[in-house]
Every structure is written in structure tokens, then in C-alpha cells.
Amino acid sequence: MNYDRILIRYGEISTKGRNRKKFVDKLRKSVRIALAPFPMIKIRAERDRMYVLVNGENVQEIIKSLKNIFGIQSLSPAIRVERDLEQMKEAALSLVRSLYKGGQTFKISPKRSDKSFELDTAGINHTFGGHILENIPGIKVDVKNPDINLKIEVLSEAIYMSCENILGAGGLPVGSSGKAMLMLSGGIDSPVAGYLTMKRGVEIEAVHFFSPPYTSERSKEKVIDLAKKLAEIFGSMKLHIVPFTAIQQSIKEQIPENYSMTTTRRFMLRITDEIRKKQEGLAIITGDNLGQVASQTLESMYAINDVTNTPILRPLLTMDKNDIIKIAKDIDTYDISIRPFEDCCTIFVPSSPKTKPKKEKVQHYESFFDFETLIQEAVQGTEVLTIRPDSKEQPSEFEGLF
């Protein structure tokens, strides 16, 4: 079937009131970025839905790109028909016939938004259902569980027909809920945390802590590959790579071993917060999962959070690890995350880290050394890359800003 457009349904955006246009504009931007490889397409956004005019491009490839865009509840390849009964009947027959296989069933699902149309809902069912039954031998009607569901939508300007309802990614368009910084390690959890936060409309920039020579270039490449996967959602993403070696060495020398992990996380959070301020972000995202490791107990989170008043988003906090792994596999980050290259979170790990650290104690230990100078040097030395899907990273226009 030669579809001429793809109908996009908004889903959650439809619940918005006066600010709906802002969400629709963000979704249109996401669609335009995702469909950049298809130069002939045209996008038409309306209050209740969006249309992608195909103009000869590959419909299935366009659908593949659209399925991953947050803010799209569902989509359907469709045809536009003039308000002429004979043309409509032949179009409906052609559409069903292109999908029909022997013994299958069908039903008609009319939506008559324009009440001036000559047929009411029952009339549409009778007219088009009868025409299909007369012209496709063996086909039967099943109104509860049909193999083919022909949707006929009557609008004032035209008629739209479709048979497929393809689920989209749901959620809200990226950027409609502001921007936040993702603390991106090379593990399984943080990319999933970034993905779920983007699904709620948050634009993300990633911050990664790099400690050569203890962490290798391969570990850096691993994080860049994870960033590429997340960048597929919005077309590009900034990755801030923080030099962390001097700070980690100083922590090892100056802080009691059982508190070194708590101090490490506190300084990571402080540096991320400094970068957030420069980039005008509104929150920080982590892959913390309650009780999973020593730094993710409630007591540890309390002591670590002490260094900032910025909101910390933890979308994985109460999730089961198997559920996190399933999402990682679904978004194609799992195989990258399990590559055997250490990140800075796994070096200098104490044999018995404190699971219930006291905020006052960690503050006391940190007060004996001038860590502030090292923190500012790390912020100033941060490398900024613009990551695009399946492409080499590029220095950002912000590189050298810090």
C-alpha cells in the first residue's frame, strides 16, 4: 500500500491545557531531528495530532525512527481521501486488501469529528463494511478481536484511513521539562536513569569522571558509546569529561579508608553541580538504587547530598535490579555497560566502606586538606564533547568554558 502520511497521536500531551503548544513544539522539534535523513518529508503539527507527509520517502524507515521519540503515544501509516463516497469505498477496499490474508477478520472503527458528513457512525460501518465483504471473498467481521481494524476518521477537510496502530515510546517530548545533568558512569544503572528521565521530558547533559592512568581510554570510549545510545533519542548530547585523578589520589591519602567512598561521591556531586550551574541545568540525575552498594544506603545518600541544595533525581531508587537490566537490554546499552573496563567508581574501593556514614564525621575529615583547589581545577579542566549517534565525538562550542 502506498501510504502518503503517518499520523502521530500525542497521548499524554493531550492532557495539557493552555501550555499544550509548548509541548507540541518540542515534539515537532524532536520529530524533525529524528527524520533529518529523510529530506522530502513535511511535518504538520496540529493541536490534537501531528502528520508526517511522506512525499515518496521510505515509510517503514520513517516509522522505525518515530517509534523511539518520547511524546508519541502511537502512530499509524495512513492515506488521505477526498470527501467522496465512491473514492472512499475504493480506498478502504484497497487498504484492507493490501493487508488481508486468507481467513482473517476485520472491523470498521469510524470517528466522525465532522458531524456534517452525510453518513453517521452506523452508516459508515454499514457502507464500508458491506463493500469490503462483497469484494474480498472469505473475509469475516469480528468486532471484538479483529485481525484488521480499519479506522476511518472524518474531518472537515478530508478523510483519513489507516489499519495499523503502532505503539510509540510514550512520555513527554525531550526538553519540555527543562534540563538536568546525568552522572554517567560506565555501569548498567546510570544510562537507564538517563533514559527514564528523558522520557519525562528532561533534556540531559552527561558528566563522567575520568581517572587516568587508573582508568583507560577504553573505559572512556565505553562511556562515549553509552552517550551515543542516549543521543539517539534527541539527535545529540553533550558529554562533560572531568579529570578526577588528583582528587582520587588525595582522598586516598587524606581520608580514612572507610569514609573514602563517601567523600568521593560528595566531590563528584559538587563538581557536577558546578557544571550544572554553568550549563543552566535544574537538577542532577544519578543511577542510585537503594541499598545496592554501600554508597546507596539512605544514610550514605544523606551524607552525600549535604554538599548541594540542587534537586537530585533518582529514577531507579526503588527498582529491582532485574527490571533495570531488562530496560538496559531494551535500549541497547546493556552490552556496552558490561564491557570489562573499569571506571573511577571501581578503583580505590575500600575493603569495608562505611554503609552508615555520619555527615559530621565526613565533614571533619575533609576539613584537614584543601580539596577546594583540586575541585576547581577539575572543573576548569573538564573536556566537553558533543556526542551524536553513530558518529565520532566532536569538541563542543563550550570546550574551554570552564
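- A donor-acceptor contact under 3.5 angstrom links the side chains of Asp273 and Thr308, judged on distance only.
- Here the options are Glu203, Gln279, Glu205, the test is side-chain hydrogen bond (donor to acceptor under 3.5 Å, both in side chains), and the partner is Lys179; only Glu205 passes.
- Side-chain atoms of Thr263 and Glu366 form a donor-acceptor pair, as typed in the model, at a separation below 3.5 Å.
- A salt bridge does not link Lys329 with Asp335: none of the charged nitrogens is closer than 4.0 Å to a carboxylate oxygen.
- Side-chain contact between Gln296 and Asn289 is present, with heavy atoms from C-beta onward closer than 4.5 Å.
- Between the side chains of Gln249 and Glu253, no donor-acceptor pair of N or O atoms lies under 3.5 Å.
- The pair Arg388-Glu232 does not count as a salt bridge, with every side-chain nitrogen at least 4.0 angstrom from each carboxylate oxygen.
- Arg266 and Asp306 are joined by a salt bridge, as a carboxylate oxygen and a charged side-chain nitrogen come within less than 4.0 angstrom of each other.
- Remark: side-chain polar atoms of Ser219 are not paired, donor with acceptor, to backbone N or O of Thr215 under 3.5 angstrom.
- Between the Arg97 side chain and the Asn135 main chain, a donor and an acceptor come within less than 3.5 Å of each other.
- A salt bridge (Lys or Arg N to Asp or Glu O under 4.0 Å) with Glu153 holds for exactly one of Arg49, Arg9, Arg80; it is Arg49.
- Between Lys326 and Asp330 there is a salt bridge, with a side-chain nitrogen of the basic residue lying less than 4.0 Å from a carboxylate oxygen of the acidic one.
- Between Lys115 and Asp120, none of the side-chain N atoms (NZ, or NE/NH1/NH2) sits under 4.0 Å from a carboxylate O, so this pair counts as no salt bridge.
- A ring pair (Phe, Tyr, Trp, His ring centres under 6.0 Å) with Phe209 is found for one member of Phe244, Tyr214, Phe267 and no other, namely Phe244.
- Judged by distance alone, the side chains of Ser76 and Glu164 never bring a donor and an acceptor atom under 3.5 Å apart.
- Residues Asp25 and Arg20 are not paired through a salt bridge, judged by the lack of any N-O separation under 4.0 Å between the basic side chain and the carboxylate.
- The main-chain N or O of Leu184 is found under 3.5 Å from a side-chain atom of His208 such that the two form a donor-acceptor pair.
- At a cut-off of 3.5 Å, with distance as the only test, a side-chain donor of Thr310 or Arg276 sits close to an acceptor on the other residue.
- In this structure, Lys101 does not pair ionically with Asp147, as no charged nitrogen and carboxylate oxygen lie closer than 4.0 Å.
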